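In what follows, chains are A, B, ... by sequence order, proteins preceding strands, each numbered from 1. Note that the structure is a prediction, hence the values are computed from the model and not measured. Below, all heavy atoms of this structure are taken into account, side chains as well, without hydrogens, waters or symmetry copies.
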Protein chains: 2
Amino acid sequence: MHRGGPKSEETRGRILTSAMDLFRSRGFEQTTMREIASEAGVALGSAYYYFESKEALVMAFYRQAGDDTHKLIVQALSEEKDLQGRIRAILDVKFRYFHPNRKFLGALFGHAADPENPLSPFSEETRDTRETDIRHFEDALRESGAKIPKELKLHLPRLLWMYQMGLILFWIYDRSPSQTRTGQLIDKSLPVVVNLIRVARFPLLRPIRKMVADLLDAVYRV
Amino acid sequence: MHRGGPKSEETRGRILTSAMDLFRSRGFEQTTMREIASEAGVALGSAYYYFESKEALVMAFYRQAGDDTHKLIVQALSEEKDLQGRIRAILDVKFRYFHPNRKFLGALFGHAADPENPLSPFSEETRDTRETDIRHFEDALRESGAKIPKELKLHLPRLLWMYQMGLILFWIYDRSPSQTRTGQLIDKSLPVVVNLIRVARFPLLRPIRKMVADLLDAVYRV
DNA sequence: GTCTATATCGGGATAGAC
DNA sequence: GTCTATCCCGATATAGAC
């Protein structure tokens, strides 16, 4: 898998950087492998020597982003106590990190929502990143001291991950300047989410709680 | 816009039919414009004369599907009284109509979730279909006799449309035989949705109701 | 092992002759 | 309105320089 010396590593890095720059400024579709190669100062064949396809370049970016944000999130979580602050911390890391890549992620979603597509956030190939991501929410819940109804305990982290994916989708589509609407959406929806988790324990809502638990079991059953 | 005689109309129709057949059996990506043209018995250039791109063929399909399901939904709604039955009627029409096209829609989502992409369900180009769709849920609510808190009245139809989009996305990803899991998801989630609408009026939930209304106003404000 | 140069192919899209 | 020829690009492959 191209395990070479520092020279090799450097070329590989240069190709990846060029690709990211072009993806960011022009989007995924518009960028050609020929441009990436020439921008990186290598021949087309070399680009293919290091990355077997245009998609492979994106997978490399995913992995990189996953590793980077993981470290940032672990750090951020250690500084927050209550549930809302802890979820917020995860979201802040994500949105700050992906901010320069919004256009690129947009174009990417256009190639990634197909379940057969390896780049999909739900695909087999991206499972590792996804599971790590879900575990962040598990951590956020566990150390927060929030009382979670036992029926919901199992699936709540995954549900929060879905909530996060929804926010990211909204953000990608958000045309408001500096994506201020997404900022509002987070500010206003996060308290709702946290409050829903809190009131879920109320006896009055027991029937709905049961229905939701039943629903989640059916959906996530293996 | 290629307004020609009946001959032209017939050729156009033949190309669209061939495309749909091939999209269904092979998916969007795998089908080539050359195949579509040859299947329709015309030259490649001719296919491009009628449809300026492969995507344009899909837009034509969208419009067709929108018109067809609209008629079916109006009919189905006239036969249902209570809210759950009425929402269910809309969903049933949709899923029955799209059933033969699941694979095709899947491949399509892989090219349609990009906000810049005209095929996106959120794009400017698909606005008409989307607004008609949302109006179906408005109708379902209005004649159902369900009491809707006034803060939620404005945005609830759009929210139900989002619920429907979520179900369709789940269905596209659903690998279970005959998509039985999607069936379960609908059976179990629809009562939750209807019950949430019902309990939303409870005084106990007033704070959350206010927060949600505030959230919706911010998100859908123009 | 690293990289260039070049050829070839499939497929979306276009130009221009008829 | 229809066809042929052509272009561009992603992808694959290969020969050979260093």
inquiry  = Please check: side-chain N/O of A:S178 versus main-chain N/O of A:T180, any donor-acceptor pairing under 3.5 Å?
reply    =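 No, A:S178 side chain to A:T180 backbone: no donor-acceptor pair under 3.5 Å.
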ask   = What pairs with A:T182 under side chain to side chain donor-acceptor pair (under 3.5 Å), at least two apart in sequence or on another chain?
value =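 Only A:D174 meet the side chain to side chain donor-acceptor pair (under 3.5 Å) criterion with A:T182.
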key: Residues which pass side chain to side chain donor-acceptor pair (under 3.5 Å) with B:W171, listed by chain and number, not counting sequence neighbours   =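 Expected list: none.
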What residues, two or more places apart in sequence or in another chain, satisfy side chain to side chain contact (heavy atoms under 4.5 Å, CB included) together with [X]?
X      : answer
B:H99  : none
A:L141 : A:L83, A:I148, A:L156, A:P157, A:L160
B:D92  : B:R88, B:R96
A:L77  : A:I73, A:R86, A:I90, A:D139, A:A140

task = Measure from OH on A:Y49 to C1' on C:dA5 and round the result to the nearest Å.
result =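 After rounding, the reported distance stands at 17 Å.
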request  = Take atom CD1 of A:I15 and atom P of C:dT2, then tell me their distance rounded to the nearest Å.
outcome  =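 Going from A:I15 (CD1) to C:dT2 (P), I get 12 Å.
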Identify all side-chain donor-acceptor contacts of residues 16-24 of chain B below 3.5 Å with residues at least two apart in sequence or on another chain.
from: B:T17; atom 1: OG1; to: B:G13; atom 2: O; distance (Å): 2.8
from: B:S18; atom 1: OG; to: B:R14; atom 2: O; distance (Å): 2.8
from: B:R24; atom 1: NH1; to: B:N101; atom 2: OD1; distance (Å): 2.7

Restricting both atoms to N or O, compile the protein contacts to nucleotides 16-18 of chain C shorter than 3.5 Å, with distance only.
none

Close N/O contacts between protein and nucleotides 10-14 of chain C (under 3.5 Å):
from: C:dG12; atom 1: OP1; to: B:T31; atom 2: O; distance (Å): 3.3
from: C:dG12; atom 1: OP1; to: B:K54; atom 2: NZ; distance (Å): 3.0
from: C:dG12; atom 1: OP2; to: B:M33; atom 2: N; distance (Å): 2.6
from: C:dG12; atom 1: N7; to: B:R34; atom 2: NH1; distance (Å): 2.6
from: C:dG12; atom 1: N7; to: B:R34; atom 2: NH2; distance (Å): 3.3
from: C:dG12; atom 1: O6; to: B:R34; atom 2: NH2; distance (Å): 2.9
from: C:dA13; atom 1: OP2; to: B:Y48; atom 2: OH; distance (Å): 3.1
from: C:dA13; atom 1: OP2; to: B:K54; atom 2: N; distance (Å): 3.2

message = Check this one for me: any side-chain N or O of B:S46 less than 4.0 Å away from OP1 or OP2 of D:dG1?
response =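 False: B:S46 side-chain N/O out of range (4.0 Å or more) of D:dG1 OP1/OP2.
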